[in-house]
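Below is one structure; the comments refer to it alone.
Numbered from 1 within each chain, the chains take letters A, B, ... in sequence-line order. Please read these numbers as outputs of a predicted model, since none were measured by experiment.
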Number of protein chains: 2
Amino acid sequence: MHRHEGHDACHTGVGDMLARAETICRERGLQFTPLRRDVMEAVAEAGKAQGAYDIAEKLSARGKRVAPVSVYRALDFLMEQGLVHRIASRNAFIPCPHGHAPGEGVVFLICRTCGVVDEASSEELEDGLDRTLKRAGFTPAHSILEVEGDCGACRERRQDS
Amino acid sequence: MHRHEGHDACHTGVGDMLARAETICRERGLQFTPLRRDVMEAVAEAGKAQGAYDIAEKLSARGKRVAPVSVYRALDFLMEQGLVHRIASRNAFIPCPHGHAPGEGVVFLICRTCGVVDEASSEELEDGLDRTLKRAGFTPAHSILEVEGDCGACRERRQDS
DNA sequence: GGCAGCGGTGATACACTGTAACATTCCCGC
DNA sequence: GCGGGAATGTTACAGTGTATCACCGCTGCC
Ligand SMILES: [Zn+2]
Ligand SMILES: [Zn+2]
Ligand SMILES: [Zn+2]
Ligand SMILES: [Zn+2]
């Protein structure tokens, strides 16, 4: 795996990610089946967000055919456990190396140049959102915060040239 | 610039919406064609977010068949002009009664009970997001902020029963 | 008039994304 | 062994969006 400065996703290796997933499942009395493991691995080892059909194709390449519907089921499971996030603006999925507190607001930073998706969260942003919602008389249940732009690495690369 | 703290404060009627769209197009030297007008009307008169196929069906009901692809083209045009927003988490479209400053962050408040989508924006939220992005070394180009929950009206309705 | 160019639309086909429904397998407790 | 539940396989289908080409109406130009 290449190293990209500033990209959180790269600070957690694929092996670590799989080990953590297995631990979480065991702690919760859930099954970390071979399919779920393979899907987790496919998502974790890709440098950028993967579509469900990309994952199905990748897994099918090693011999045994995996239908997209199976991938969706595995992804649903992994999302429920907080191991994977769905990027709504891309119809794609990324591994989550963090483990979030329930109700924690997370912003996805999607680089339109290199495709890497990073996560950020801040009290400040959350408070601002909460107050804005409160003023509007709206009770939040779930939020999607996604920003597309240029990551630091790509911006520097552009300035060099 | 025109800021909104959510809510029904802006009851823009369908007629007003169409008139505004026509004015904007004329000012910009663009064509507000019958198809674009019909799509704008269909989006504006629906109480909630409409899918492209819903719109196509609605327009086809009055006799002449309108293909979804035509609706998509009209919606693309209307979105470029800031007259319509796309709700990524619903794959659906809503009219925009506001006219936003370029780069203004807008939060969509999506009621999971009644389906109404409202807009809110606040300096506070924008500043929080800007600072969070800056800390992450990320340069934003476009952001999607969507919150699903219960609107004030639906919450009151629930408490009554 | 004739004609090329252009934007908008019609129409078909297709790709991509996601879900419903049912059959099968496997494992665990009785 | 047997019943039940969870996971997966399999097929079919619904929903969302795009590519491509043809056509039409208009404008500017010769
Ligand atoms: Zn995460
Ligand atoms: Zn980048
Ligand atoms: Zn708006
Ligand atoms: Zn509501």
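- Mapping A:Pro68 and B:Val66 onto DNA chain C via the closest heavy atom, the residue that lands nearer the 5' end is B:Val66.
- In this structure, A:Asn91 atom CG and C:dA15 atom C1' are separated by 13 Å, rounded to whole Å.
- Across the protein-nucleic acid pair, A:Arg90 atom CZ and C:dG18 atom P stand 14 Å apart, rounded to whole Å.
- Regarding A:Asp54, its CG atom lies at a distance of 7 Å from the P atom of C:dT17, rounded to whole Å.
- For the residue pair B:Asp150 / A:Thr139, no side-chain donor-acceptor distance below 3.5 Å is found, with atom types taken as modelled.
- Atom pair B:Gln81:CD and C:dG8:P shows a separation of 10 Å (rounding to whole Å applied).
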For nucleotides 21-30 of chain C, which of its nitrogen or oxygen atoms have a protein nitrogen or oxygen under 3.5 Å away, and what is each distance?
none

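- Of the possible donor and acceptor atoms, one in the side chain of B:Ser60 sits under 3.5 Å from a partner among the backbone N and O of B:Val66.
- At a threshold of 4.0 Å, the pair A:Glu57-A:Arg62 does not count as salt-bridged, since none of the basic side-chain nitrogens sits closer than that to a carboxylate oxygen.
- For the pair A:Tyr53 OH and C:dT17 P, the interatomic distance rounds to 8 Å; values are reported in whole Å.
- Put simply, CG on B:Asp76 is 12 Å from P on C:dG8, counting in whole angstrom units.
- In this entry the distance linking NZ of B:Lys64 with P of C:dG10 reads 4 Å, nearest Å.
- Listed for the A:Glu146 side chain is a donor-acceptor partner under 3.5 Å among the backbone atoms of A:Ser89.
- In this structure a side-chain-to-backbone donor-acceptor pair under 3.5 Å is present from B:Asp54 to B:Gly51.
- Not a single donor-acceptor pair under 3.5 Å links the side chain of B:Arg86 to the backbone N or O of B:Met79.
- Looking at A:Arg131, its side chain never comes within 3.5 Å of a backbone N or O of A:Glu126 through a donor-acceptor pair.
- Aromatic ring centres of B:Phe93 and B:His85 lie farther apart than the 6.0 Å criterion allows.
- In summary, contact between chain A and DNA chain D, defined as any nucleotide atom under 4.0 Å from a heavy atom of the protein, begins and ends at D:dA6 to D:dT11 in the 5' to 3' direction.
- Within the 4.0 angstrom heavy-atom criterion, only backbone atoms of the sugar-phosphate kind lie near A:Arg86; the bases stay farther away.
- Here the side chain of A:Arg73 pairs no donor or acceptor atom with the backbone of A:Pro68 at under 3.5 angstrom.
- Proximity of B:Ser70 to the phosphate of C:dT9: no side-chain N or O atom is located under 4.0 Å from OP1 or OP2.
- At least one donor-acceptor pair under 3.5 Å links the side chain of B:Lys58 to the backbone N or O of B:Ala42.
- Contacts between residues 21-42 of chain B and DNA chain D, counted as heavy-atom distances below 4.0 Å, involve no residue at all.
- Atom CG in B:Leu75 sits roughly 12 Å away from atom P in C:dT9 (whole-Å rounding).
- Counting only distance, with no hydrogens or angles, the side chain of A:Gln81 and the backbone of A:Ala21 share no donor-acceptor pair below 3.5 Å.
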